[in-house]
Student: 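Pasting a structure here, questions to come.
Chain A is the first sequence line, chain B the second, and so forth, proteins listed ahead of strands; every chain is numbered from 1. Computed from a predicted structure; not experimentally measured.
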Number of protein chains: 2
Amino acid sequence: MQAIIDTKAQIRSVAQNLFRERGFTATSMRDLADSLDIKAASLYYHVKSKEDILQEICFRIADDFFKAIEQIDFNTKNADELLQEAISTHVKVIIDNLDAAAVFFHEWRHLSQPHLTKFITLRKKYERFFTKILKQGIATKTFGNIDVKFTVLTIFSTINWVYEYYKPSGKMTPNEISRNLSNMILHGISTKKKIV
Amino acid sequence: MQAIIDTKAQIRSVAQNLFRERGFTATSMRDLADSLDIKAASLYYHVKSKEDILQEICFRIADDFFKAIEQIDFNTKNADELLQEAISTHVKVIIDNLDAAAVFFHEWRHLSQPHLTKFITLRKKYERFFTKILKQGIATKTFGNIDVKFTVLTIFSTINWVYEYYKPSGKMTPNEISRNLSNMILHGISTKKKIV
DNA sequence: CCTACCGATCGGTAGG
DNA sequence: CCTACCGATCGGTAGG
């Protein structure tokens with residue numbers, strides 16, 4: 001049994017990398033098999049289909065995102081602290097799974113139904129954690145009078161792109177990246193006061 | 001001649017849409033032909049190859065981005081005004097070419113050499129406009145002591161995602177979106193003062 | 001995990 | 001812009 005599990009994990013690992021580099025559609029089962037030094041037909045002993053692999057990648061990391069954010073205690077902190085913590089855990093999941101994150105953000109649309117709908121539903125559910133933080137922050141005047149939906153989308157655009165430029169060999173640590181992103185989202189880059 | 005030009009523009013228009021929806025690799029020449037009510041072989045009278053279409057889409061909108069940003073007068077304005085204007089023209093190009101922008105941001109990696117290198121070089125050149133604005137703003141203390149490279153990347157992540165959520169039928173106008181994005185990037189969402 | 005193979009589809013060409 | 005077609009490659013199966 002152990003061998004099967006390992007092989008499946010290996011397939012996923014190689015697939016994450018190739019799906020990221022070339023895209024899901026442009027990666028063939030033969031490409032995958034070549035990287036694993038087996039024949040394409042042998043892959044089907046471990047996975048049901050090519051899309052089966054994509055599903056596993058997408059929903060595994062979705063699960064990581066939920067597990068991380070659900071550990072945040074939403075009752076004992078201010079909205080700005082909550083937001084910083086949410087950003088930090090989100091960024092950590094991405095950085096710990098760079099290939100999977102890239103696939104998650106780019107290739108999910110190749111999921112077939114009903115998985116596609118399930119995926120979109122999960123994403124909306126996840127967004128609600130951030131919506132909640134923003135609404136709380138507006139209510140307590142911690143945040144300005146912002147458009148919640150627009151701001152949630154903008155926060156995600158800002159923090160999701162991390163997988164694109166983060167390099168483990170780079171000079172910025174994951175914590176520094178999280179801090180800088182939180183800082184930009186909370187305070188911006190200007191030294192001047194906001195004109196409202 | 002006019003007919004040929006129109007047909008080529010039609011091919012590009014349909015291709016932008018399909019490449020966006022399904023991705024470059026997952027869109028076949030037969031898909032394109034079907035949408036145009038012609039046969040796949042007939043496409044080759046107008047275009048050299050499938051990638052030829054991708055190249056046109058990517059480099060045309062790249063040109064739009066440059067034309068727009070080159071019209072900004074970099075000498076008579078403060079860094080914060082410059083940044084607002086750069087963001088605004090950038091967002092306008094995206095909103096005026098939603099399909100092409102989506103292809104530009106997602107499918108460029110399917111370009112072959114030497115076009116891929118040319119594309120990346122152009123993108124770096126374009127980023128330099130923003131680098132210049134940030135450096136000027138830091139020098140004049142308009143911006144805080146930020147990491148320039150990181151901030152340029154973060155600004156692009158924040159503003160590029162517009163193509164994903166902008167809907168012409170939505171309640172926010174392009175100008176409002178630009179203003180909100182500039183506001184977030186310059187001042188953030190917090191009402192508190194920045195703690196340095 | 002392999003060999004052998006299938007039907008479908010791909011990008012593209014020849015020739016009109 | 002069409003018909004007719006090509007070699008290559010695709011995801012996947014049968015049977016071991």
Side-chain angles (χ1 to χ4, degrees), chain A residues 1-58 103 106-116, chain B residues 1-58 103 106-116:
Chain A
M1 278 306 279
Q2 192 61 31
I4 292 168
I5 293 168
D6 282 348
T7 306
K8 203 168 182 189
Q10 270 176 48
I11 293 171
R12 197 169 52 239
S13 170
V14 167
Q16 277 169 189
N17 192 254
L18 289 180
F19 289 175
R20 177 191 185 166
E21 303 282 312
R22 312 180 189 177
F24 173 73
T25 319
T27 304
S28 71
M29 293 299 267
R30 282 156 182 85
D31 291 335
L32 252 61
D34 282 351
S35 291
L36 292 157
D37 262 317
I38 58 172
K39 297 291 169 187
S42 306
L43 287 167
Y44 291 89
Y45 178 69
H46 302 282
V47 298
K48 274 187 302 187
S49 65
K50 187 180 162 188
E51 205 207 297
D52 186 45
I53 305 173
L54 180 65
Q55 284 166 26
E56 269 225 29
I57 297 170
C58 289
V103 174
H106 273 136
E107 310 296 331
W108 59 269
R109 61 189 167 146
H110 296 293
L111 292 169
S112 65
Q113 294 296 6
H115 311 93
L116 185 61
Chain B
M1 280 305 281
Q2 192 59 33
I4 292 168
I5 292 168
D6 281 348
T7 306
K8 204 170 180 187
Q10 271 177 45
I11 292 172
R12 197 170 49 239
S13 169
V14 166
Q16 280 168 3
N17 191 255
L18 289 180
F19 289 174
R20 177 190 187 168
E21 303 283 312
R22 311 180 190 178
F24 173 72
T25 318
T27 305
S28 71
M29 291 301 266
R30 282 156 181 87
D31 291 335
L32 252 61
D34 282 351
S35 291
L36 291 156
D37 261 316
I38 59 173
K39 297 292 169 185
S42 307
L43 286 167
Y44 291 89
Y45 178 70
H46 302 284
V47 297
K48 276 187 302 185
S49 64
K50 186 182 164 187
E51 204 206 299
D52 187 45
I53 306 173
L54 180 64
Q55 284 166 26
E56 268 225 28
I57 297 170
C58 289
V103 174
H106 273 136
E107 309 297 330
W108 60 269
R109 62 189 168 147
H110 296 292
L111 292 169
S112 65
Q113 295 295 6
H115 312 95
L116 184 61

Student: Taking only the side-chain nitrogens and oxygens of A:Y44, find out if one of them lies under 4.0 Å from OP1 or OP2 of D:dG12.
Tutor: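 So the side-chain polar atoms of A:Y44 do come within 4.0 Å of the phosphate oxygens OP1 or OP2 of D:dG12, strictly under.
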Student: Does A:S42 place a side-chain N or O at less than 4.0 Å from the phosphate oxygens OP1/OP2 of C:dC2?
Tutor: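 Affirmative; the distance criterion is met.
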Student: Between D:dG12 atom P and A:R30 atom CZ, what is the distance in whole Å?
Tutor: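 It is 11 Å, rounded to the nearest whole Å.
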Student: Run B:L116 and B:W108 through side-chain contact (heavy atoms from CB on, under 4.5 Å) and show every step you take.
Tutor: CA-CA 7 Å; B:L116 184 61; B:W108 60 269; 3.7 Å; yes
Student: Is there a donor-acceptor pair under 3.5 Å between the side chain of A:D31 and the backbone N or O of A:S28?
Tutor: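 Judged by distance alone, yes, a pair lies under 3.5 Å.
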Student: Do A:S49 and A:D52 meet the criterion of a side-chain donor-acceptor pair at a distance under 3.5 Å?
Tutor: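 No, because no side-chain N or O of A:S49 sits under 3.5 Å from a partner of the opposite role on A:D52.
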Student: Assign each of B:I38 and A:S49 to its nearest nucleotide of DNA chain D by heavy atoms, then name whichever residue's nucleotide is nearer the 5' end.
Tutor: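 The residue closer to the strand's 5' end, by nearest nucleotide, is B:I38.
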Student: Considering Watson-Crick and G-U wobble pairs with both distances under 3.5 Å, what does D:dC2 pair with?
Tutor: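 WC or wobble partner is C:dG15.
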Student: Round to a whole Å and report the spacing from CG of B:D34 to C1' of D:dC2.
Tutor: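 Rounding to the nearest Å, CG of B:D34 and C1' of D:dC2 are 15 Å apart.
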Student: In whole Å, I'd like the distance from the CD atom of B:Q10 to the C1' atom of D:dC1.
Tutor: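 The answer, rounded to whole Å, is 14 Å.
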Student: Distance check needed: D:dC10 P versus A:F24 CZ, whole Å only.
Tutor: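 In whole Å, D:dC10 P lies 13 Å from A:F24 CZ.
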Student: Is the distance from OP1 or OP2 of D:dT9 to the nearest side-chain N or O of A:S28 less than 4.0 Å?
Tutor: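 No, because none of the side-chain N or O atoms of A:S28 sits under 4.0 Å from OP1 or OP2 of D:dT9.
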Student: CG of A:D31 versus P of D:dG12: gap in Å, rounded?
Tutor: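 Computing the A:D31:CG to D:dG12:P distance gives 14 Å.
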Student: If you look at every strand shown and take non-hydrogen atoms under 4.0 Å, does A:T25 touch a base, only sugar-phosphate, or nothing?
Tutor: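 Since no nucleic acid heavy atom lies under 4.0 Å of A:T25, the category is nothing.
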Student: Are B:F24 and B:H106 close enough, and set up right, to give a side-chain contact (heavy atoms from CB on, under 4.5 Å), and what steps lead you there?
Tutor: CA-CA 9 Å; B:F24 173 72; B:H106 273 136; over 6 Å; no
Student: Go through the steps to decide whether B:I53 and B:L43 satisfy the test side-chain contact (heavy atoms from CB on, under 4.5 Å), and finish with yes or no.
Tutor: CA-CA 10 Å; B:I53 306 173; B:L43 286 167; 5.8 Å; no
Student: Nearest to the side chain of B:A41, which nucleotide is it out of C:dT13, D:dT13, C:dC1?
Tutor: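 Of the options given, the side chain of B:A41 lies nearest C:dT13.
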Student: Take atom CZ of A:F19 and atom P of D:dG11, then tell me their distance rounded to the nearest Å.
Tutor: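 Interatomic distance, CZ of A:F19 to P of D:dG11: 9 Å.
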Student: Find the distance A:K48:NZ to D:dT13:P and express it as a whole number of Å.
Tutor: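 Taking atom P of D:dT13 as the reference, NZ of A:K48 is at 11 Å.
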Student: For A:K39 and D:dT13, what is the distance between atoms NZ and C1' respectively, to the nearest whole Å?
Tutor: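 A:K39 atom NZ is separated from D:dT13 atom C1' by 17 Å.
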